[in-house]
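Here's the structure, in structure tokens; my notes come after.
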2 protein chains.
Amino acid sequence: MTDTAQNVFRALADPTRRDILRMLGRDAMTIGQVAGQFDMTRAAIKKHLTVLNDGGLITVEARGRERINKFNPAGLAPVLSWLEYFDRFWDDRLAALKTTIDKDTA
Amino acid sequence: MTDTAQNVFRALADPTRRDILRMLGRDAMTIGQVAGQFDMTRAAIKKHLTVLNDGGLITVEARGRERINKFNPAGLAPVLSWLEYFDRFWDDRLAALKTTIDKDTA
DNA sequence: TTGAAGTAAAACCAAATGGTGTCATATTAA
DNA sequence: TTAATATGACACCATTTGGTTTTACTTCAA
């Protein structure tokens, strides 16, 4: 396995992949289902899913001839870790994020 | 200017650029100073700084014949916004980030 | 004013990226 | 068994990316 953080940032660098991740955040989907939402071939979507999987952002579960792709929240951890380095620069902007977090963790 | 979020994620996709950003987070530097820290030509560094600037992650201030490159914390806002979408998935991991935030905002 | 320092900009190159189409394989259903 | 479905894997292509060299322009200092 290569550098984890790099794989995550690389995975997030493409807008299609970020959209796929949002979609999988709502519902787990097969490759075909994901492809149905984009004007792109299944092969292209499959490549994106591979990159997302390499970045640990999704998990793939085989079910018969289908592959269920699920969003993996833990995969975003490297991004959060990386962002923490800049904590001291954040003030009001981060405070806003903090409140949204509070709503969940309360 | 094209899509802001895309420019930010694209800027963060390269490890050299992430390293540069960390360096600029500690101290503002000229192109030459940044280049001195990497085994790479000034031209290459200049390109990276352009991408970081396009992403709004740094600001460049001319001083004589020098260009002072500064980290711009606000440039990371699109990343935070994008991450907020996944709030409901985060629990303990995000709680950790929350505590570090609390230390700053207290 | 002349030379050195700092940067900008352009031409160029190899490799990675994002897409396609095709074919093979495995599984479900008739 | 056979046909359709869902995916995997490969070859291929155009464009982008990350790097280099080279040249030119400003600005500082002697």
Side-chain angles (χ1 to χ4, degrees), chain A residues 1-24 27-72, chain B residues 1-24 27-72:
Chain A
M1 210 179 305
T2 52
D3 182 8
T4 307
Q6 177 53 26
N7 282 347
V8 178
F9 279 105
R10 164 167 140 61
L12 296 182
D14 186 274
T16 299
R17 285 194 290 268
R18 292 198 302 278
D19 287 345
I20 291 176
L21 213 58
R22 284 184 103 120
M23 291 178 45
L24 295 181
D27 287 297
M29 302 171 90
T30 66
I31 297 183
Q33 285 174 321
V34 175
Q37 304 290 92
F38 293 89
D39 186 22
M40 205 179 295
T41 62
R42 256 170 308 192
I45 295 295
K46 159 69 172 159
K47 279 192 185 181
H48 283 308
L49 289 171
T50 299
V51 175
L52 286 170
N53 191 48
D54 288 347
L57 291 166
I58 64 172
T59 58
V60 186
E61 174 193 338
R63 204 174 59 189
R65 61 184 161 187
E66 296 180 338
R67 298 290 180 282
I68 313 296
N69 299 273
K70 289 186 180 177
F71 169 56
N72 178 32
Chain B
M1 210 175 307
T2 52
D3 182 8
T4 307
Q6 177 53 27
N7 282 347
V8 177
F9 279 105
R10 164 168 140 62
L12 296 181
D14 185 273
T16 300
R17 286 196 288 268
R18 291 198 302 279
D19 287 345
I20 291 177
L21 213 58
R22 284 184 102 120
M23 289 178 45
L24 296 181
D27 287 298
M29 301 172 90
T30 66
I31 297 182
Q33 285 174 321
V34 174
Q37 304 291 93
F38 293 88
D39 187 22
M40 204 179 295
T41 62
R42 253 171 295 181
I45 295 295
K46 159 69 171 158
K47 281 191 184 181
H48 283 307
L49 289 171
T50 298
V51 175
L52 286 170
N53 191 48
D54 288 347
L57 291 166
I58 64 171
T59 58
V60 186
E61 174 194 338
R63 203 174 59 189
R65 62 186 160 184
E66 296 180 339
R67 300 288 180 282
I68 311 296
N69 299 274
K70 289 185 181 179
F71 168 57
N72 178 33

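Everything numeric in this text was worked out from a predicted model, so none of it was measured. Order of the sequence lines fixes the chain letters, A, B, ..., with proteins taken first and strands second; residue numbering starts at 1 for each chain. Side-chain atoms are counted along with the backbone in the values below, which use heavy atoms only and exclude waters and symmetry mates.
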- Task: Kindly say whether B/Asp14 contributes a backbone atom to a donor-acceptor pair with the side chain of A/Gln6 at under 3.5 angstrom?
- Result: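 No; judged by distance alone, with no hydrogens or angles, the pair does not exist.
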
- Message: Check whether A/Asn72 reaches the backbone of A/Lys70 with its side chain - one donor and one acceptor, N or O, closer than 3.5 Å.
- Response: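 Not confirmed, A/Asn72 side chain does not pair with A/Lys70 backbone.
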
Indicate whether OP1 or OP2 belonging to [N] is found under 4.0 Å from a side-chain N or O atom of [X].
X	N	value
A/Arg65	C/dA29	no
A/Arg42	C/dT20	no
A/Lys46	D/dG8	yes
A/Thr30	D/dT7	yes

[X] [atom1] - [N] [atom2] separation (whole Å):
X	N	atom1	atom2	answer
A/Phe38	C/dG19	CZ	P	10 Å
A/Arg67	C/dT25	CZ	P	15 Å
A/Leu12	C/dG18	CG	P	12 Å
B/Ile45	C/dA8	CD1	P	13 Å
B/Lys47	C/dC12	NZ	P	13 Å
B/Arg18	D/dG18	CZ	C1'	15 Å
B/Arg17	D/dG19	CZ	C1'	12 Å
B/Asn69	C/dT7	CG	C1'	11 Å

- Message: By the 4.0 Å heavy-atom rule, please label A/Arg63 as base, sugar-phosphate, or nothing.
- Response: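 If one applies the 4.0 Å heavy-atom cut-off, A/Arg63 turns out to touch nothing in the nucleic acid.
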
- With nearest nucleotides of DNA chain C determined for A/Gly64 and A/Val51 from heavy-atom distances, which residue corresponds to the more 5′ nucleotide?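 Result: A/Val51.
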
- Starting at the 5' end of DNA chain C and moving along, which residue's nearest nucleotide shows up first, A/Ala44 or A/Glu66?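 Checking each residue's closest nucleotide, the 5'-ward one belongs to A/Ala44.
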
- Query: Can you tell me how far the CD1 atom of B/Ile31 sits from the CD1 atom of B/Ile68, to the nearest 0.5 Å?
  - Reply: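 B/Ile31 atom CD1 to B/Ile68 atom CD1 measures 10.0 Å (nearest 0.5 Å).
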
- Task: Kindly compute the distance separating CG (A/Leu21) from OG1 (A/Thr16), expressed to the nearest 0.5 Å.
- Result: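 Between atom CG of A/Leu21 and atom OG1 of A/Thr16 there are 12.5 Å.
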
- Message: Taking the nucleotide of DNA chain D with the nearest heavy atom to each, does B/Thr16 or A/Ile68 sit closer to the 5' end?
- Response: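 Result of the comparison: A/Ile68.
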
- Nearest nucleotide by nearest heavy atom, which residue falls closer to the 5' end of DNA chain D, A/Gly32 or B/Ala13?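 Its nucleotide being nearer the 5' end, the pick is A/Gly32.
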
- Message: Can you identify which nucleotide, out of D/dA9, D/dG19, C/dG18, has its nearest atom closest to the A/Arg10 side chain?
- Response: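 Nearest to the side chain of A/Arg10 among the choices is C/dG18.
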
- Tell me which nucleotide among C/dA8, C/dG21, D/dG18 gets nearest to the side chain of B/Ile31.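 In terms of side-chain proximity for B/Ile31, the closest of C/dA8, C/dG21, D/dG18 is C/dA8.
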
- Item | Close side-chain approach of B/Met23 to B/Phe38, heavy-atom, < 4.5 Å |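 B/Met23 reaches B/Phe38 side chain to side chain.
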
